[in-house]
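Have a look at the structure below, then the notes.
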Number of protein chains: 2
Amino acid sequence: MATSSIKEVAQLARVSVGTVSNVLNRPEIVSPATRERVFKAIRELGFVRNEVARHLRVGRSRTVGLVVLDVANPFFADVAQGAEALADEHDTMVVLCNSAADPRRERRHLDQLEQQRVMGILITPVDAGSPRLAELAARGTPVVLVDSAATGLQCSVAVDDRLGGHLAGSHLIERGHRRITYVGGPPSIKQVADRHAGIMNAVAETGGDVELVSHVLPALSVAGGRAAGERVAGLPAKRRPTAAFCANDLIALGFLQAMAARGLRVPDDMAIVGYDDIDFAAAAAVPLSSVRQPRELLGRTAVDLLLEEVTAPEQHRHRQVIFQPDLVVRESSALRRRE
Amino acid sequence: MATSSIKEVAQLARVSVGTVSNVLNRPEIVSPATRERVFKAIRELGFVRNEVARHLRVGRSRTVGLVVLDVANPFFADVAQGAEALADEHDTMVVLCNSAADPRRERRHLDQLEQQRVMGILITPVDAGSPRLAELAARGTPVVLVDSAATGLQCSVAVDDRLGGHLAGSHLIERGHRRITYVGGPPSIKQVADRHAGIMNAVAETGGDVELVSHVLPALSVAGGRAAGERVAGLPAKRRPTAAFCANDLIALGFLQAMAARGLRVPDDMAIVGYDDIDFAAAAAVPLSSVRQPRELLGRTAVDLLLEEVTAPEQHRHRQVIFQPDLVVRESSALRRRE
DNA sequence: AGCGGTTTTTGAATCGACTCAAACCCCCAA
DNA sequence: TTGGGGGTTTGAGTCGATTCAAAAACCGCT
């Protein structure tokens, strides 16, 4: 019932607690005979080391927190998987927390993680400028921003979202589209704002030849995309855009679904480009063109930066890693049959 | 830098550590004046309570582990969300761990969680019979099986997968299908085996009128479903089944995609029913019929059972909660046009 | 001033594992 | 026999917060 402690192991093995601790941590300095005796006692008692006590003493935990905007978005699931993979190699646990883009929930999670004295926190913040993050760092919990660029005070891994938006935009323009709609979320989310800026840029470069209409959704969800799609599909054909760039794949999938429901053909009546290239994008019945981000790599690199900072805090210099996205063209934005 | 401890707070506020602890835990028994002084000191020092030390002393953690087979499967993301929601109400953290259906990774996570002395573990096990789970419980870490029925030695929440398989099967049979294929995963996963048993049952009830061919995939993934779909699509039309029941929605989506790629119409040439009713099922371009499980409720109930066991271990009796699934019919299995 | 009764505050003991200086053991050389 | 040197083992002190019996402070009243 009650798990046994190092003390009981010591008693049973007729050694001191110090020796048991040595067997656990530096078995090579203990004589083989004693070591065996201790192991036997451990097995007999079903002893499991109390990581909490250990952590209290040595002061550093083997856990990192990963706070994301939406666990249900496969993009973040993949980031998490990347993070976990590297953490695993370093005997470290990743605890995944969902802020659901709610500042209050984010705050609670940060509080909890700090109280637990985690080794560090990886976070895609609701608001990257929040003083809370600086506080954490100042009090000794290193923070790495994920999918969101920092400004020198901390480490970050991000993807060039402006470039991503630009890629999507110029692709559509190249394909001959002159009326394009952008479907995005609240611009308070930096990534989203940047993607928007990117496509606006691409449009501007054409010199006024292309018309861009923007839809702003309250949340980056399938349902939101569907709603936007319905609205767009309802427009008279001559005013209706011929292409849509969605700020993420969830929106794009919803948008696509609305087209199907309204009998519009993709890509002939409406081309669609999404963002993130989640697995479901390729699996959609009209496979979705999408701006691909190195999802697992984002997570992996974030853990890497964190470990670097924790292992050698002295000579650590904060770094901002930025990856380049690329465009994956699939059927949803294939060349239109000329009408 | 170094976070300050209760001792420094005491010093600054000119009280004893006991008083600081009281302010933190039972502020009402401390005189208002002292209380204010202590709060001020806490603010000044940026003191953050060390949950690790607290936990060591009081012996119980406010964290539960949730170990799932696949974080990238939205089904589990939803289960996690449900679990988190209820845990949140009880000031408890959920740490999400991904076993990726790999017994070794599962084992590592269990070890870590036990060492951390978590309050309890919710798990969708790779192998529900593993002695490791019994060990955990015996040593004092309560375990609740999720989406997998227990045999009386522990609590569990599950969904009647046989019924689910039966629902899908009889639905397809009712719709007039006489050649049906089942696309599932390794039968070592209990849920999968049960779903299979369910549809076989439904088929058996027709008295040999219906033919059922089963495909077994190594993993329950989109890619697997696609591969199976290609194989089925390649059959000559007369031998090809007219309907498919997939063991989960990921498979169903892959299968659906393969149909589209091969030019087979859904549901006219091939009806499809999936399992789990993840959000992407409804959002697929041919909205997917699917057996719905109460995903969030599963997570929520699991936490509930755990809390019950932890709060009143004496009078706790292990319970096995079983939910009924229901079938959501969408376009992918709509009535066929009579040929 | 002294007393009984409350309300507050104190501080040593505790949780379990780790650390490290000191003690111990054994063997060999002087 | 003694001394020294390696390899082992010991055990008290420590990490930070909680607990609780005991001490202290306070109050109203005689």
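Lettering of chains follows the sequences in order, A, B, ..., and the numbering in each one begins at 1. Since the structure is predicted, the reported quantities are computational estimates derived from the model, not experimental observations.
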Exercise. For A:Arg37, does the CZ atom have more than 12 heavy-atom neighbours from other residues, nucleotides or ligands under 6.0 Å away?
Worked result: yes
Exercise. For DNA chain D, whose closest nucleotide is more 5', that of A:Ala53 or that of A:Glu28?
Worked result: A:Glu28
How close or far is atom [atom2] of [N] from atom [atom1] of [X], stated in whole angstroms?
X	N	atom1	atom2	answer
A:His55	C:dA17	NE2	P	15 Å
B:Glu51	D:dA17	CD	P	10 Å
B:Arg37	C:dT8	CZ	P	14 Å
B:Gln11	D:dG16	CD	C1'	14 Å
B:Lys7	C:dT10	NZ	P	16 Å
A:Glu8	C:dC15	CD	P	11 Å
A:Gln116	D:dA17	CD	P	14 Å
B:Ile6	D:dG16	CD1	C1'	7 Å

According to a strict under-4.0 Å criterion, is [X] in side-chain N/O contact with OP1 or OP2 of [N]?
X	N	answer
A:Ser31	D:dT9	yes
A:Arg57	D:dG13	no
A:Ser21	C:dT19	no
B:Asn22	C:dT9	no
A:Arg49	C:dC18	yes
A:Ser16	D:dG11	no

For this session: On DNA chain C, check which nucleotide each of B:Ile29 and A:Asn25 is closest to and give me the residue with the more 5' one.
Result: B:Ile29
Between [options], which nucleotide gets closest to the side-chain atoms of [X]?
X	options	value
B:Thr34	C:dT10, D:dT9, C:dT8	C:dT8
B:Val15	D:dG16, C:dT10, D:dT9	C:dT10
A:Thr19	C:dA12, D:dT10, D:dC15	D:dT10

By the 4.0 Å heavy-atom rule, please label [X] as base, sugar-phosphate, or nothing.
X	result
B:Val30	sugar-phosphate
A:Arg26	sugar-phosphate
B:Arg35	nothing

For this session: Scan side-chain atoms only and decide if B:Arg62 and B:Thr92 contain a donor-acceptor pair under the 3.5 Å cut-off.
Result: yes
For this session: Check the side chains of A:Gln191 and A:Asp147 for a donor-acceptor pair under 3.5 angstrom, ignoring hydrogens and angles.
Result: yes
Problem set entry | Salt bridge flag under 4.0 Å for residues B:Arg105 and A:Glu84 | yes
For this session: Decide, yes or no, whether a salt bridge links B:Lys190 with B:Asp161 under the criterion of side-chain N to carboxylate O below 4.0 Å.
Result: no
Seminar exercise, completed: So CG of A:Leu122 and OG of A:Ser156: to nearest 0.5 Å the spacing works out to 12.0 Å
Exercise. Per the atom types in the model, does the base of D:dT18 pair as donor or acceptor with the side chain of B:Arg54 at under 3.5 Å?
Worked result: no
